[in-house]
Asker: 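This structure is in structure tokens; I'll ask about it shortly.
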Amino acid sequence: MTPAHLDSMGVGVPPTPVTLVSKGILEHTFELLRECGRGRRECQVLWIGPWSTPHLVTSAVHPVHQAHGAGFELADSWIPEFFGYLSETRQGIRAQVHTHPGRAFHSITDDNWPIVSTPGFLSLVIPTFAQGPMGFEGAFLAELGSEGAWRQVPCLSRIAIEDKRRDL
């Protein structure tokens with residue numbers, strides 16, 4: 001049994017099967033990916049939300065990173081600072097979203113270096129540096145299983161796009 005104070009922090013709470021993202025956050029995600037990558041470099045955005053509502057994405061965060069045509073590296077100094085921010089604001093990372101130059105797939109690097117290694121965590125890969133239509137066409141969604149392996153899942157089975165902003 002998980003102590004009550006840990007449940008309120010989201011520790012020990014199993015992930016919900018569907019993550020809710022507003023259309024506005026999805027649009028902002030694509031804006032960030034396109035601006036950063038400029039059609040030439042990979043980029044990453046993290047979807048975060050409050051632990052009190054573990055299935056809800058309330059913002060898109062563009063991490064400090066070095067981007068290039070075949071990958072990106074998060075700035076070492078940014079990671080602990082960001083996790084401190086998440087702790088202080090009682091939020092967690094719901095999914096990592098990043099681009100690939102051509103078709104979308106989950107690479108060996110993606111498999112080995114997720115920002116979160118918790119079963120149920122989602123990793124969304126957007127093709128062609130996010131230069132195509134906004135949405136999941138050609139995207140690849142991977143979910144981390146309890147055995148530690150990533151498996152492809154249909155985007156709309158785990159992510160729902162809401163047209164309106166939900167009051168928290």
Side-chain angles (χ1 to χ4, degrees), residues 9-34 36-37 42-63 65 67 71-74 78-79 82-83 85-87 89-130 132-163 165-166 168:
M9 294 171 49
V11 176
V13 176
T16 55
V18 177
T19 298
L20 302 174
V21 180
S22 72
K23 187 175 178 183
I25 289 174
L26 183 63
E27 289 170 349
H28 184 58
T29 297
F30 269 75
E31 288 170 7
L32 291 169
L33 293 171
R34 290 171 178 163
C36 171
E42 289 192 18
C43 183
Q44 183 184 61
V45 170
L46 302 171
W47 285 347
I48 67 171
W51 281 123
S52 61
T53 314
H55 64 285
L56 185 63
V57 173
T58 55
S59 62
V61 174
H62 187 225
H65 65 281
F72 61 89
E73 293 177 36
L74 296 180
W78 181 84
I79 296 170
F82 180 62
F83 275 89
Y85 165 79
L86 291 174
S87 178
T89 60
R90 302 179 60 81
Q91 297 185 84
I93 303 169
R94 302 291 174 251
Q96 60 187 25
V97 183
H98 77 278
T99 61
H100 277 186
R103 72 178 177 83
F105 63 97
H106 215 252
S107 70
I108 292 171
T109 301
D110 299 336
D111 288 349
N112 292 333
W113 297 98
I115 194 154
V116 173
S117 297
T118 303
F121 186 65
L122 300 174
S123 180
L124 179 62
V125 184
I126 307 295
T128 62
F129 298 124
M134 185 192 71
F136 301 135
E137 185 177 331
F140 187 100
L141 182 63
E143 180 179 46
L144 188 58
S146 59
E147 72 290 346
W150 292 94
R151 64 180 172 272
Q152 183 178 12
V153 294
C155 291
L156 296 177
S157 73
R158 297 294 191 278
I159 302 171
I161 305 302
E162 293 189 318
D163 284 333
R165 178 167 162 71
R166 179 184 290 251
L168 298 178

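Throughout, residue positions are numbered sequentially from 1 according to the sequence presented.
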Asker: Answer yes or no: are there more than 12 heavy-atom neighbours, outside Glu137 itself, under 6.0 Å from its atom CD?
Answerer: no
Asker: So Phe82 and Leu74, do their side chains get closer than 4.5 Å, heavy atoms only?
Answerer: no
Asker: What I'd like to find out is whether the side chain of Val125 reaches to under 4.5 Å of the side chain of Thr99, using heavy atoms alone.
Answerer: no
Asker: May I ask you to check if Arg158 and Trp47 form a cation-pi contact, with NZ or CZ under 6.0 angstrom from the six-membered ring centre and within 45° of the axis?
Answerer: no
Asker: Does a side-chain heavy-atom distance below 4.5 Å link Gln91 with Thr58?
Answerer: yes
Asker: How close do Ile25 and Ala60 get, heavy atom to heavy atom, and via which atoms?
Answerer: CG2-CB, 4.2 Å
Asker: With rounding to the nearest 0.5 angstrom, report the OG1 to CG distance, Thr118 to Leu144.
Answerer: 7.5 Å
Asker: Would Val61 and Val45 satisfy side-chain contact (heavy atoms from CB on, under 4.5 Å), going step by step from the backbone distance to the final call?
Answerer: CA-CA 6 Å; Val61 174; Val45 170; 5.9 Å; no
Asker: Is the shortest side-chain heavy-atom distance between Leu20 and Glu162 below 4.5 Å?
Answerer: yes
Asker: Testing the basics here: between Gln44 and His62, what is the closest heavy-atom pair and its distance to 0.1 Å?
Answerer: O-CD2, 3.3 Å
Asker: Find the distance between CG (Leu156) and CD1 (Ile159) and round it off to the nearest 0.5 Å.
Answerer: 8.0 Å
Asker: How about Asp110 and His98: do any of their side-chain heavy atoms sit closer than 4.5 Å?
Answerer: yes
Asker: Donor-acceptor pair, distance only, cut-off 3.5 Å: does the side chain of Arg94 make one with the backbone of Ile48?
Answerer: no
Asker: Could you check whether Arg103 makes a cation-pi contact with Phe105, meaning its NZ or CZ is under 6.0 Å from the centre of the six-membered ring and within 45° of the ring axis?
Answerer: yes
Asker: Carefully, step by step, assess Leu141 and Leu122 under the rule side-chain contact (heavy atoms from CB on, under 4.5 Å).
Answerer: CA-CA 7 Å; Leu141 182 63; Leu122 300 174; 4.0 Å; yes
Asker: Show the nearest heavy-atom pair for residues Cys43 and Leu33, with the distance to one decimal.
Answerer: O-CD2, 3.6 Å
Asker: Is there a side-chain contact between Val97 and Phe30 (heavy atoms, below 4.5 Å)?
Answerer: no
Asker: Could you go through Cys155 and Leu124, starting from their C-alpha distance and side-chain angles, then the distance that decides it, and tell me whether this counts as side-chain contact (heavy atoms from CB on, under 4.5 Å)?
Answerer: CA-CA 8 Å; Cys155 291; Leu124 179 62; 3.9 Å; yes
Asker: Taking the side chain as every heavy atom from C-beta outward, state whether Trp51 and Leu86 have any atom pair closer than 4.5 Å.
Answerer: no
Asker: How close do Glu42 and Phe129 get, heavy atom to heavy atom, and via which atoms?
Answerer: N-CE2, 3.4 Å
Asker: Can you name the closest pair of heavy atoms from Ser157 and Pro154 and give their distance?
Answerer: OG-O, 2.6 Å
Asker: So does Trp113 have more than 12 non-hydrogen atoms from other groups sitting under 6.0 Å from CH2?
Answerer: no
Asker: Is it the case that the side chain of Thr89 and the backbone of Tyr85 share a donor-acceptor pair, with hydrogens and angles ignored and the cut-off at 3.5 Å?
Answerer: yes
Asker: Once you measure the plane-to-plane angle for Phe140 and His106, does it fall in the parallel (<30°), tilted (30-60°) or perpendicular (>60°) bin?
Answerer: parallel
Asker: Does a side-chain heavy-atom distance below 4.5 Å link Ser52 with Arg90?
Answerer: no
Asker: Can a side-chain donor-acceptor contact be found between Gln96 and Ser123 if the only test is distance below 3.5 angstrom?
Answerer: yes
Asker: Test Trp150 against Phe121 for side-chain contact (heavy atoms from CB on, under 4.5 Å), laying out the working first.
Answerer: CA-CA 9 Å; Trp150 292 94; Phe121 186 65; 3.9 Å; yes
Asker: Between Ile126 and Gly135, which heavy-atom pair has the shortest distance, and what is it?
Answerer: CD1-O, 4.2 Å
